[in-house]
Amino acid sequence: MFAANIHFPDHSEYVAGAYLVFLGLLLIYVAIMAYKLTRFERELVELNELADEQGGITGHAGRTGHE
Amino acid sequence: MRRATAAVLRKELRLELRTPQSVPAMALFSITTFVVFHFALQRSDISGDLASGVLWVTLLLGAMLGIARLFVADREEGGFDGFLLAPVDRTSLFVAKATALLAYLIAVQIVAVPAFVLLLLGPSPSNVGALIGLLALADLGIAIVGTLVGALAIQSRARDLLVPLIALPLLIPVLICAAKGTTPLLTDGGAHAVAARWPLTIALYDLVFGLVAYAVFDYLLED
Amino acid sequence: MYGKRLRALSIATAISIVTAFSLAFFYAPEDADQGFVQKIFYLHVPMAIVALCGFVFGGICAIAHLRTGDRRWDIRSYVAIHMALILGIGVLLTGSIWARAAWGHWWVWDEPTLVSFLIIFLLYACYQPLRFSIEDPEKQARYASVFAITCGAFVPLNFIAVRLAQAYTHPRVLGSTGNLPGPMRLTFLVSLLAMTLLYVTLWKYEMTAKNVHAQLRSLRRKLAPDEALTPGRRSAAPSLPSR
Amino acid sequence: MRRYGERTALDGVSVSVPAGSSLVVFGPNGAGKSTLLRVLATLLAPHAGTTTVLGCALPREGWKVRGRVGLLGHEPLLYKDLSARENLRYHARLHDVRSERAEELLDQVGMWLRADEPIRELSRGMVQRVAACRAVLHDPELLLLDEPASNLDPAATAALEPLIGRSSGRTRVVTSHDPAGGLKDADLVLGLRAGKAELHGSAHDFDAAAIGALYA
């Protein structure tokens with residue numbers, strides 16, 4: 001029971017909660033950005049294949065449809 | 001500017017007189033709300049801050065009905081285009097519409113405030129002049145902001161939803177000052193003076209939003 | 001190009017946030033009245049100030065949009081308000097937690113700053129629905145700008161009114177920085193700087209993302225000009241005019 | 001050029017109409033005819049290109065043009081709950097025209113007897129007559145007519161001819177769906193399809209068949 005030795009000031013759980021809210025918001029934002037990034041990636045891959053097709057370079061399986 | 005304002009205002013009032021829509025609906029809504037408050041609060045008479053709150057909430061919600069309808073005829077019957085084709089200052093449309101809305105609010109309150117006194121108010125209102133002054137200042141603010149919000153929401157598909165959602169928070173400062181200012185007038189035990197800061201703050205609000213509306217209203221008219 | 005200097009900005013933000021929080025916990029003395037709970041102050045108040053400034057900044061961008069007719073200003077305004085709204089959620093949550101810790105209630109009406117903030121948050125919550133319900137993109141931009149300007153002017157007025165309503169019932173305890181002791185004030189100012197940097201960084205991220213999106217769209221049009229433009233989901237978010 | 005979001009409603013349309021002559025614009029639905037008229041009436045701002053109406057560059061000098069053009073579109077731009085007389089008087093006040101002018105016009109189009117009935121109770125043809133009065137109330141130099149004959153019987157068309165017809169002596173831009181009828185009315189012809197000018201020139205150079213091909 002070593003945890004009992006650590007002294008926490010009064011109401012420290014509220015302070016921790018407030019700072020966790022801040023952290024949580026940031027993480028949610030990161031998640032949204034991650035979603036956007038994957039969408040950009042998918043679109044770029046698609047466009048890249050399109051460019052290859054137009055350039056006459058074969059070997060690609062063609063576009064995999066678009067959104 | 002004055003000619004065009006007078007023309008639009010005359011047209012507006014004539015339309016409302018020909019087929020009364022806003023004023024009767026607003027007045028009826030106000031009185032119904034008083035009845036609803038009677039049952040919801042389970043009181044037969046109220047006074048002081050409670051009375052002031054009930055009065056202002058009712059008047060404000062009633063005003064929402066008028067605001068939502070303010071530009072409907074112009075939108076649906078081509079009134080905006082007809083106005084824009086004329087060689088007149090576009091601000092005159094704002095001034096005329098705000099004046100019309102002010103007239104509707106005053107007309108409604110001529111019915112609703114006495115009805116409130118009769119139906120719900122315990123003490124008889126002490127300083128009637130001060131009450132009228134506060135009502136007039138608040139009405140001016142509601143008319144200015146209401147016209148702006150009405151024009152803002154008219155092009156959207158969710159017009160009727162957006163009007164109260166935007167207008168109510170925008171009018172909270174008016175509500176705070178009007179309710180605080182009216183409280184001593186509706187309290188038992190004689191005439192209390194209204195603290196000057198309430199009417200002054202409403203006047204400041206009216207001034208600021210009058211200028212904002214003057215600056216931005218033109219942009220709501222272009223197609 | 002919005003991505004310029006974004007890396008430097010991100011690093012500065014990270015450093016300043018770590019510094020601010022370290023100062024808050026290890027340097028600033030404990031408050032005599034509130035004790036440890038007062039540490040929320042260094043998070044909540046800078047966040048509120050930055051969010052409010054973000055709303056006003058959105059209004060200023062909207063003025064520039066109406067004056068110049070340049071759609072990029074509308075996007076700046078949109079992103080500014082969008083980010084301020086996200087911070088606003090944080091402000092309301094941390095404010096509520098603070099109220100619970102300090103006064104034992106999850107919400108207090110005596111704190112004018114918090115109450116004003118709630119009103120402003122409720123108002124700006126209509127920004128996106130308003131945008132969403134106007135179909136013509138040009139009209140949407142114009143109407144959103146009018147909304148942003150009107151509400152930008154509303155922010156200070158609302159504060160005056162709400163503070164007036166409470167000034168005579170309760171003395172001000174929190175939020176005024178004038179009477180803070182030195183170390184507390186320093187910590188507060190560093191936190192404010194950190195929060196401002198965070199806001200600017202997020203704003204730039206979002207603008208860069210919008211720019212990437214627009215560039216992708218114009219690339220797609222160049223590569224497949226005859227392909228019918230996918231109309232995409234209708235959204236409240238404006239997009240940069242693609243070249 | 002006028003874009004709607006991603007779509008382009010009018011692109012590369014270049015016409016000039018000499019004063020006093022009539023341009024008839026043909027084209028299938030959605031070709032951009034109404035957009036063209038709204039741009040000329042200063043109700044829509046062009047996104048690019050030059051538009052000069054009555055010697056004023058749009059949209060910068062739009063305020064100079066307003067009051068010198070009359071628009072008769074699909075919408076009558078009249079309040080349905082007001083009478084013809086009230087509507088015209090309202091517009092007369094906006095345009096700073098004396099109100100007797102409204103009475104004269106009502107008389108001229110044969111609406112004298114029904115001038116006090118609300119617009120709501122009038123037939124489409126009658127509404128169109130009142131709308132034509134509204135469009136020419138301020139004696140505009142340029143008339144913009146969007147299919148003016150669509151709701152009118154021959155008698156009404158004849159009644160409106162001195163106001164909005166060729167004999168009115170005004171510069172006119174008219175849209176039409178009827179190749180043969182429209183051609184008779186025209187000095188110049190413009191054919192639009194999908195926002196682009198397909199044919200353009202003097203009315204003598206085209207026959208109804210060439211114009212009918214636009215709709216194919």
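Numbers restart at 1 for each chain; the letters A, B, ... are given by sequence-line order, proteins then strands.
- Separating the CG atom in D:Leu82 from the OG1 atom in B:Thr19 is a distance of 8.0 Å, to the nearest 0.5 Å.
- Proximity of B:Glu76 to D:Glu75: side-chain heavy atoms (C-beta onward) are nowhere separated by under 4.5 Å.
- The interface of residues 84-97 of chain D with chain B, defined by heavy-atom distances below 4.5 Å, comprises D:Glu86, D:Tyr90, D:His91, D:Arg93, D:Leu94, D:His95, D:Asp96.
- The environment of B:Arg2 atom CZ is sparse: at most 12 non-hydrogen atoms of other residues, nucleotides or ligands sit within 6.0 angstrom.
- Within 6.0 Å of the CZ atom in D:Arg124, the count of heavy atoms belonging to other residues, nucleotides or ligands does not exceed 12.
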Q: Go through the steps for B:Asp74 and D:Tyr79 under the test side chain to side chain contact (heavy atoms under 4.5 Å, CB included), then give the verdict.
A: CA-CA 8 Å; B:Asp74 303 271; D:Tyr79 288 98; 2.5 Å; yes

(Q) Could you go through D:Leu71 and B:Asp81, starting from their C-alpha distance and side-chain angles, then the distance that decides it, and tell me whether this counts as side chain to side chain contact (heavy atoms under 4.5 Å, CB included)? (A) CA-CA 10 Å; D:Leu71 174 70; B:Asp81 283 354; 5.7 Å; no

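- Atom CZ of B:Arg69 is surrounded by 12 or fewer heavy atoms from other residues, nucleotides or ligands within 6.0 Å.
- With a 6.0 Å radius and a threshold of 12 heavy atoms from other residues, nucleotides or ligands, D:Arg193 has its CZ atom above the threshold.
- A salt bridge between D:Asp81 and B:Arg14 is absent, with no side-chain N of the basic residue lying under 4.0 Å from a carboxylate O of the acidic one.
- The NZ atom of D:Lys80 sits 12.0 Å away from the CG atom of B:Leu15 when rounded to the nearest 0.5 Å.
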